[in-house]
**Q** 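Please see the structure below; I have some questions.
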Amino acid sequence: MSHFTLYTYVLSASCYKVRLMAALLGVPYDSVAVNFYPGFEHRSEAMLALNPWGTLPILRAGDLVLTETQAMLGWLATNHDPTGRWYPAADPALGPQVLQWLGLAARLTGSAGLARLHAILDWPVDGEAVRKAALKDLQELELLLTDRVLAGQTWLVGDHPTIADIACFPHAALSPDAGLEHDGFPAIRNWLYAVRSLPGFVTMPGIHELHELREREPADPQ
Amino acid sequence: MSLHYASNDWYPVADAACLARGPRKTRLLGTDLEVLGPFDHPVVTDMGGRCFPVQVRYNHLWTTIGDDPRPLFDIPEADEPGRRHVPCGVVRVKCSPLRAVENFLDIAHFPFVHTGILGAEPHTEVAAYKAEIREDVDEVWATNISFYQPQAAKSAAGGITTRYEYRVPAPTAAVLYKTCPPRPEAMDVIAIFVQPRSETDCDVWPWMALYDDTTNFADLAQFQQEIFLQDRSILENQRPVKLPLDPKLEIPTRADMTSIAYRRWLKRRGAYYGALTDQT
């Protein structure tokens, strides 16, 4: 049974966050492809009636309409993760840390996300400026992740992946699309690898499956 | 590099969707251009105000900056009734325009790069096929190709063995004919038209002419964009950046017969723009 409808565009890293979260939680949904490019359908009258801000993705569940990607991740985890580990909102230590990381996720959307759109689709922004901003945000992510590694941790918050990891993952993973390679970011590289190895992981163009892991799948004991 | 040879071909520089948003500043063979709409009465100029010839074909606006242009190649299927034309917009790739075409001609990478769509392990074998330079039309053709595909097209209901034919009518364009899932007797047409910005940087315009009246435009365009973007990161990481035409520089295998014919064809016509040759 489908739990929500996602208005989505295949090359959008923000739409992919929601697809990835739903896949990791095993939540079925319906997709509506929106011709973001080349059609700019997200700015059509019909789409603006649904989301006056003219952005994608849009999540609709009954009367609920969400237009903020990070809110969608929170909604998915709150409603579809009985363990509460993906979004430990009520935990006085972990909850605020998750929200803190969502701030970096939003900044990455405005820097690395725009740099990528500029590089791929010639988006009308100052390419050099957004690339510089993206580099700064990636350096911040690298430093924060290095602290986590020194603390013996894999994930951004606590000892289990959270919506913070999923919110930050796509734009960091896709930065080579804008010529920002991962060579200088060893902590980011290891963390990207950890996210890609999660059970139920799905791909998007530019983010490949881990072939090497698939070959290691344990044989059926029967 | 042979700018003179390349300058006498026609290249896409805009589609209707991009001109609807305003003039397009772009680059062709190292020359900065401005493309002004409307799409049916366009003007293409360089920064000095020189006007270049234009023609509208295959849902794109084409121009040439040469003094003695060869005619734009014909795709007869474009005029067949019942086909839906799907211009998929433009994607910028930092690679040689020739590498973009060659990648489009390659089947062997499908299971690894387009996993679950155009190929799947363990169905990785490329069966023997025919690749040739057709002297009468002076084009590269690859025929008698078949390959197992889990999701050959948006209109495919499941895995099928797809038949393919490839045609290279110009150094920076490639046309693919493949089994049309809803009409097995017909072939869908999928093409890429490459706009060389420089020898190492291009804009790629994918275009399709399909028998599919049911899938909505967004799904069709996104299907093609998804596949092309899966290739993009690989194209940007190919070294050397320019396409080697000397067979000693990159060792081909049997699966690369189309590529071998393409490189040979480029070499003999002197289409060296974007190529690594003895001369460069």
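Throughout, a chain's letter reflects where its sequence line sits, starting with A, and its residues are numbered from 1. Predicted, not measured: the structure shown is a model, and the values here were computed from it.
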**Q** Please identify which of these residues, B:Val204, B:Val175, B:Ile190, meets the side-chain contact (heavy atoms from CB on, under 4.5 Å) condition with B:Phe104.
**A** B:Ile190
**Q** With only heavy atoms counted, which part of B:Gln225 is less than 4.5 Å from chain A, the side chain, the backbone, both or neither?
**A** both
**Q** Decide whether a cation-pi geometry holds between A:Arg196 and A:Phe201; the criteria are a distance under 6.0 Å from NZ or CZ to the six-membered ring centre and an angle within 45° of the ring axis.
**A** no
**Q** For B:Phe39, which residues count as a ring-ring contact (aromatic ring centres under 6.0 Å, His included) partner, sequence neighbours excluded?
**A** none
**Q** Given the options A:Ile207, A:Asp122, A:Val32, which has more heavy-atom pairs under 4.5 Å with chain B than any of the others?
**A** A:Asp122
**Q** Any side-chain heavy-atom pair from B:Leu33 and B:Phe52 closer than 4.5 angstrom?
**A** yes
**Q** Take B:Lys242 and B:Glu199 through the test salt bridge (charged side-chain N to carboxylate O under 4.0 Å, His left out) and record every step on the way to the result.
**A** CA-CA 7 Å; B:Lys242 291 187 194 174; B:Glu199 288 196 273; 3.5 Å; yes
**Q** What part of A:Thr8 gets closer than 4.5 Å to chain B, counting heavy atoms only: side chain, backbone, both or neither?
**A** backbone
**Q** Between A:Ile120 and chain B, with a heavy-atom cut-off of 4.5 Å, which part of the residue counts as in contact: side chain, backbone, both or neither?
**A** both
**Q** Side chain, backbone, both or neither: which part of A:Phe40 has an atom under 4.5 Å from a heavy atom of chain B?
**A** side chain
**Q** Check B:Phe228, B:Tyr58, B:Trp62 against B:Trp207 for a ring-ring contact (aromatic ring centres under 6.0 Å, His included) and give me the one that passes.
**A** B:Tyr58
**Q** Among A:Leu174, A:Asn35, A:Thr203, A:Leu121, which residue forms the greatest number of heavy-atom pairs with chain B at distances under 4.5 Å?
**A** A:Asn35
**Q** Taking all non-hydrogen atoms of both residues, which atom of A:Trp86 and which atom of A:Ala77 are closest, and how far apart?
**A** CB-CB, 4.0 Å
**Q** With a 4.5 Å cut-off on heavy-atom pairs, point out which of B:Arg92, B:Gln230, B:His114 contacts chain A the most.
**A** B:Arg92
**Q** Where on B:Cys88 is there a heavy atom nearer than 4.5 Å to chain A: the side chain, the backbone, both, or neither?
**A** backbone
**Q** For each of A:Pro124, A:Ala119, A:Ser31, A:Gly206, tally heavy-atom pairs with chain B at distances under 4.5 Å, and name the one with the top tally.
**A** A:Ala119
